[in-house]
Amino acid sequence: MSWMFKRDPVWKYLQTVQYGVHGSFPRLPYPTFFPRFEFQDVIPPDDFLTSDEELDSVLFGTLRGHVVGLRYYTGVVNNNEMVALQREPNNTYDKNAIKVNNVNGNQVGYLKKDLAIALAYIMDNNLAQVEGVVPFGANNTFTMPLQMTFWGKEENKKAVLDHLKKHGFKLGPAPKTLGFSLESSWGSGRAGPSYSMPVHAAVQMTTEQLKTEFDRLFEDLKEDDKTQEMEPAEAVETPLLSHQKQALAWMISRENSKELPPFWEQRDDLYYNTITNFSEKERPENVHGGVLADDMGLGKTLTAIAVILTNFHDGKPLPVERIKNQLKKECKECDVNQESVKLGRNSASENADGRSKEVEGSGCNEEPSISHIKKNKHSILEFFSSQPKRRKMAAQYIESSDSEEIETSELPHKIKGKLKNAQSETKRLKGASFMDSSKKTDVEERPRTTLIICPLSVLSNWIDQFGQHIKSEVHLNFYVYYGPDRIRDPALLSKQDIVLTTYNILTHDYGTKGDSPLHSIKWLRVILDEGHAIRNPNAQQTKAVLDLEAERRWVLTGTPIQNSLKDLWSLLSFLKLKPFLDREWWHRTIQRPVTMGDEAGLRRLQSLIKNITLRRTKTSKIKGRPVLELPERKVFIQHITLSDEERKIYQSVKNEGKATIGRYFNEGTVLAHYADVLGLLLRLRQICCHTHLLTNAVASSGPSGSDTPEELREMLIKKMKLILSSGSDEECAICLDSLTVPVITHCAHVFCKPCICQVIQNEQPHAKCPLCRNDIHGDHLLECPPEELACDSEKKSNVEWTSSSKINALMHALIDLRKKNPNIKSLVVSQFTAFLSLIETPLKASGFVFTRLDGSMAQKKRVESIQCFQNMEAGSPTIMLLSLKAGGVGLNLCAASRVFLMDPAWNPAAEDQCFDRCHRLGQKQEVIITKFIVKDSVEENMLKIQNTKRELAAGAFGTKKTNANDMKQAKINEIKTLIDL
DNA sequence: ACCGCCGGGTGCC
DNA sequence: ACCGCCGGGTGCC
């Protein structure tokens, strides 16, 4: 197979073109640490999710067939409309049954039986995806033709062809009409083939051609006007910067937009989807929201706050009286009621333009049981027009009645049944929103509350920013739904203006049997901060988010769509953009076409992105000036030479390890001993910092099998600590986020406790480890005992403190800096918290005032630490000891203008993120970063690998590394580089 | 005629 | 469905 583009590289390219290379490097989550398992367990967690996706589908061929039974179903299609084939194994008439549905999921009919027999096997065994288009005859009464396209993995092609042959079918070639259409096949008025999927087109285009094509597409993008500015509501205290006013204007225009969503247009009295050729009477809702994907530090939080206050309801800002008349506060209840009266009236007036259909629908759709429906005589006869006998029977009956309207229940049984069938379906069409609206009518008020969901790490940031950016006299009902005492009362929550919570709380509530208050409310607006949190479609967290009801939906993210189109799909499904809610349509119309380099697909993707996302980087320009005029950022590498004694220890550990690992190389079992390799590398990195760190290191020994439970426990806890302290950028494979409350399973995989508990609960009674499918039990999860961490540092203080080459260099630099300018604040960053502890001693000795921030600190202490450091008063700390991954992306430490990075990180993006904590909005000084790197050591080798990763991330075009073997080799090479083998 | 042919009844899976 | 298919009625030309 020679597709030129794997999906990820294409997507990364799209990203780099639109967003610029600067700022966000796609996350490269390795080295990853999964002891004792073969390589497939070691590849980044993202990849285990893709198993159900046909990443390397090829076109097997096409087949013409028929859809039958049209008259029994209400789903309608247009000519050239795409349809979905759905197996129905429990059909009582035929276990091979295959339903044919239109884009909306309404059944159109069935695949003809003989064809279904052949296809059922193929579909059930996932040998091919079969996709259908109705080329013509969409208005037929009984049957219609169906053009099917078969896609699948190359290795399944033969099986599919053979199987079809056995049943007398033979695939044809791709029809010539489905060429590589350069003319726009969507957006035009024609109902031409909207979907071009050439078999060979992708390979015929050269890289150069495609690149030019990409560039042209993004040229168009730049012309798109998102430069309108808007002043925020009076209630917003902080003046907005230009780019924030633009975002405000764009976001509010999206919230109030009455336009059709992308790819929809009105044709006569129908709404028409130009990608699928689907049409329907009901106006598709536009997404009243989107993705704000600005770079970190451009003020997404402030912008979001401005949106909340400025588009408070019905396109109007937070009413002034609520700002000024704070005295009325005691009559809150009354205030709320007044509000809802006002809202009620306004929503009624909206009916005039047909937007609030649910209001109309809820009352009058109350129909009696179907058998009592009155039917017009003529319509009955018409229904039986092609069934003369029934028609005659109906006619006879009807003639005996005087009235124009017929009680259907009194019709002869034989025709009543048929009629009933047809009726219920008509109703389904007409009242599609009927069920939804009736469900909630009794308590329904116009939603007023904005729900903000963020990772715990930025919760306090949100609270702070609300405090900072909203005028103090403004009265807002604001509730932080967090902590064990959170009030789980929907009535209370829905009276708030803003509810703030975390993903974990949301997920926890959702998973708890019983009702989640967050899910029983219809929100005015849901804002997801760090929206990539929902990029794993299988995660419970994602499901909890997708199940929220809201009128307006926003995703804030600084790392836009990190790795693939799939991530974008997760966001789209949150935004509920038709028709992409169903993965099939997303896959057929965008994901695969783009993956294969099809231009129509690219255009769609581009159009989509243009429509729903706003993205500025730090280097984006407004009227020729950068959005953010940040002072320069300079990175220096300071080489360190180890002392003789340090070098001796380093060499001995290295030689010993090298011998062992060399043996693994010879045996070809490097990756099986990945834990050992990582352990060695960790020890070497520790020695580079301070030889005392070594005492902390764990000799990684696999379980011998004869361990006592206590030994096993010890071993697992040690492993987990190794993983957590190794700085190997470990993530929870379930939520794909940093580990919160890490626990280790007996199979030695580490997850967030809430995540894995969720899995266990869902899969009970026989839960399996998501990574290795070994049995897991809730009781067997081991938590990291926090007191032991404290003990460790105690223990160390018993050992007499000595310095190290790196500490010497740091102290020298700090003292030097203090001499030059005592007011400059510095961040001292390490991945090893024990190292930070060691650094404390000389800092104290030299009279530095410092503070500390690391992952083990309680939320409250962190906030204190940050505030203390950011404070510019005399006597405030000038140094912060910071663990590399502490704090979320929102962490603002712009009081510092120096960074001393004590040890290199595996992932350059992690370093960048760390630097950005002070190199961000609010930074007035030049930022100088010093990276301490020990000469002739693993650290230097790590720099090499960082560079490779940087290049890979930036120029991902044309490099394909999705292949497991390639990655395996890459990893082996990486290890070789690291320990100079 | 254990056929052919006719024409009515009928119709997804 | 202005089809195909089924099964009953029927049977020289």
Side-chain angles (χ1 to χ4, degrees), chain A residues 63-79 81-150 160 163-164 166-169 278 370 378-399 408 411-429 582 584:
Chain A
L63 188 64
R64 178 61 68 79
H66 284 94
V67 189
V68 297
L70 302 181
R71 85 196 110 143
Y72 301 101
Y73 306 96
T74 52
V76 287
V77 290
N78 295 308
N79 286 339
E81 182 171 333
M82 297 179 177
V83 290
L85 304 188
Q86 184 193 6
R87 273 285 282 129
E88 195 180 53
N90 296 325
N91 187 300
T92 42
Y93 301 96
D94 181 0
K95 62 178 170 29
N96 296 313
I98 297 169
K99 293 209 282 182
V100 178
N101 301 330
N102 70 12
V103 176
N104 226 14
N106 297 106
Q107 185 169 3
V108 179
Y110 276 100
L111 229 53
K112 206 167 151 51
K113 191 167 52 182
D114 51 347
L115 187 60
I117 295 173
L119 292 201
Y121 173 83
I122 291 168
M123 290 173 76
D124 293 343
N125 292 291
N126 208 16
L127 296 175
Q129 275 86 252
V130 188
E131 297 177 350
V133 174
V134 174
F136 55 85
N139 288 321
N140 291 0
T141 321
F142 305 102
T143 68
M144 59 174 68
L146 179 70
Q147 188 65 33
M148 282 163 290
T149 320
F150 288 64
V160 169
H163 184 79
L164 288 172
K166 216 162 64 189
H167 289 86
F169 296 102
F278 172 75
I370 287 157
H378 177 71
S379 68
I380 293 177
L381 294 180
E382 193 179 35
F383 182 78
F384 290 117
S385 59
S386 62
Q387 289 156 281
K389 190 136 187 181
R390 292 206 174 102
R391 188 189 153 111
K392 214 153 121 191
M393 208 189 294
Q396 269 173 14
Y397 176 79
I398 285 166
E399 273 155 28
T408 50
L411 284 168
H413 179 76
K414 198 162 182 183
I415 50 180
K416 187 171 68 185
K418 296 288 172 194
L419 206 55
K420 189 167 160 182
N421 236 339
Q423 289 249 311
S424 64
E425 282 150 3
T426 323
K427 183 186 161 192
R428 210 161 28 141
L429 254 193
D582 185 330
E584 171 166 355

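Computed from a prediction, not measured in an experiment: that's the story for all the values here. Within every chain, numbering begins at 1; the chains are lettered A, B, ... in the order of the sequence lines, protein sequences first and strands thereafter.
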**Message:** Please find the pair of heavy atoms, one from A:Thr141 and one from A:Leu70, that lie closest to each other, and give the distance.
**Reply:** O-CB, 3.5 Å
**Asked** Touch check for A:Ile98, heavy atoms < 4.0 angstrom, all strands: base, sugar-phosphate only, or nothing?
**Response**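 Since no nucleic acid heavy atom lies under 4.0 Å of A:Ile98, the category is nothing.
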**Request:** Determine the contact category for A:Lys99: base if any of its heavy atoms lies under 4.0 Å from a base atom, sugar-phosphate if only primed atoms, P, OP1 or OP2 are that close, otherwise nothing.
**Result:** nothing
Taking atom [atom2] of [N] as reference, at what distance in whole Å does atom [atom1] of [X] sit?
X	N	atom1	atom2	answer
A:Lys113	C:dC5	NZ	C1'	11 Å
A:Lys95	B:dC13	NZ	P	14 Å
A:Tyr110	B:dC13	OH	C1'	5 Å
A:Met144	B:dC12	CE	P	15 Å
A:Gln86	B:dC13	CD	C1'	13 Å
A:Asn101	B:dC12	CG	P	18 Å
A:Leu119	B:dC12	CG	P	20 Å
A:Tyr72	C:dA1	OH	P	16 Å

**Prompt:** Any side-chain N or O of A:Arg71 less than 4.0 Å from the OP1 or OP2 oxygen of B:dC12?
**Reply:** yes
**Prompt:** If we take the C1' atom in both B:dC3 and C:dC12, what is their distance in whole Å?
**Reply:** 15 Å
**Asked** C:dA1 and C:dC5: how far apart are their C1' atoms, nearest whole angstrom?
**Response** 12 Å
**Request:** Determine if A:Tyr93 stacks with B:dC13; use a centre-to-centre distance below 5.5 Å and an interplanar angle below 30° as the criteria.
**Result:** yes
**Prompt:** Okay, side chain of A:Glu88, backbone of A:Asn90: is any donor-acceptor separation there less than 3.5 Å?
**Reply:** no
**Message:** The criterion is side-chain contact (heavy atoms from CB on, under 4.5 Å); which residues satisfy it with A:Asn125, sequence neighbours excluded?
**Reply:** A:Tyr121, A:Leu127
**Fill in**
Considering only heavy side-chain atoms of A:Phe142, the closest of B:dG11, C:dA1, B:dC13 is C:dA1
**Asked** Does anything in residues 113-127 of chain A pair up under salt bridge (Lys or Arg N to Asp or Glu O under 4.0 Å), and if so which pairs, sequence neighbours excluded?
**Response** A:Arg87-A:Asp124
**Prompt:** So which nucleotide does B:dG9 pair with, by the Watson-Crick or G-U wobble rule with both distances under 3.5 Å?
**Reply:** C:dC5
**Request:** Measure centre to centre between the rings of A:Tyr110 and A:Tyr72, then say whether the value is under 6.0 Å.
**Result:** no
